[in-house]
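Here's the structure we're looking at; comments come further down.
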Amino acid sequence: MSIWSRGDRTGRVEEALLMLEGQGLIDGLEILPGETKPYRVRVPAGIVHMDEDEASMFAFGAVVGAFGNVARQHA
C-alpha cells in the first residue's frame with residue numbers, strides 16, 4: 001500500500017510539501033513549473049526557493065523535525 005496518490009517523484013514531492021502546509025509546518029507553498037527552482041516554500045524567515053532535490057530533502061527534514069520525538073515516545 002502507498003500513501004501517495006501520484007506515482008512519479010515530482011508528484012510525491014509536491015504531495016509532501018502540500019502535507020506540510022496542511023499540517024501548519026510551513027506557512028505557504030507556491031509551485032511554478034518551468035522555473036529552475038519551482039518550489040517556493042514560505043517559512044517564518046522568508047520564502048525559500050528550491051529545486052526538486054532540495055524540496056524533497058526539505059520535506060524529509062521537516063517531517064523528522066516535527067514528528068521524530070512523537071514517534072520515539074510511542075515506539
Side-chain angles (χ1 to χ4, degrees):
M1 184 176 123
S2 175
I3 62 169
W4 308 111
S5 63
R6 299 186 218 169
D8 65 337
R9 182 173 192 253
T10 300
R12 291 190 302 265
V13 169
E14 290 174 5
E15 285 184 33
L17 293 172
L18 288 169
M19 184 272 306
L20 293 174
E21 184 179 34
Q23 293 292 321
L25 298 176
I26 61 175
D27 297 330
L29 172 66
E30 186 176 8
I31 301 170
L32 304 172
E35 296 283 326
T36 305
K37 295 193 176 221
Y39 302 96
R40 309 292 199 263
V41 176
R42 193 169 34 256
V43 294
I47 298 173
V48 182
H49 300 236
M50 293 179 263
D51 63 22
E52 187 172 292
D53 290 333
E54 293 165 334
S56 69
M57 289 293 103
F58 173 85
F60 177 68
V63 169
V64 170
F67 301 113
N69 285 335
V70 173
R72 286 184 189 92
Q73 290 173 3
H74 297 296

Problem - Rounded distance [0.5 Å steps], CZ in Arg9 versus OG in Ser56 - result: 4.0 Å
Problem - For Leu25 against Ala66, the heavy-atom pair lying closest together - result: CD1-CB, 3.6 Å
Practice task
Considering only Ile, Leu, Val, Met, Phe, Trp and Tyr, and joining two whenever side-chain heavy atoms are under 4.5 Å apart, list the other residues clustered with Phe60.
Solution key: Val64
Handout entry: Interatomic distance, Leu29 atom CG to Arg42 atom CZ [nearest 0.5 angstrom]
Key = 9.0 Å
Problem - Same cluster (ILVMFWY, side-chain, under 4.5 Å), Val41 and Phe67 - result: yes
Exercise for the section: Flag yes if Leu18 and Val13 sit in one hydrophobic cluster, no otherwise; membership is Ile, Leu, Val, Met, Phe, Trp, Tyr, and two members link when side-chain heavy atoms are under 4.5 Å apart. Expected result: yes
Handout entry: Approximate separation, where rounding is to 0.5 Å, of Asp53 CG and Phe58 CZ
Key = 15.0 Å
Fill in the blank from the handout: In this structure, CD of Glu15 is separated from CE of Met19 (nearest 0.5 Å) by 10.0 Å
Exercise for the section: Rounded to the nearest 0.5 Å, what's the gap from CZ on Arg40 to CD1 on Ile31? Could you check? Expected result: 11.0 Å
Practice task
Verify the cluster assignment for Val43 and Leu20: are they in a single hydrophobic cluster under the rule of side-chain heavy atoms below 4.5 Å apart?
Solution key: yes
Exercise for the section: Any side-chain hydrogen bond (donor to acceptor under 3.5 Å, both in side chains) involving residues 25-39? Give me the pairs, sequence neighbours left out, ordered by first then second residue. Expected result: Lys37-Glu54
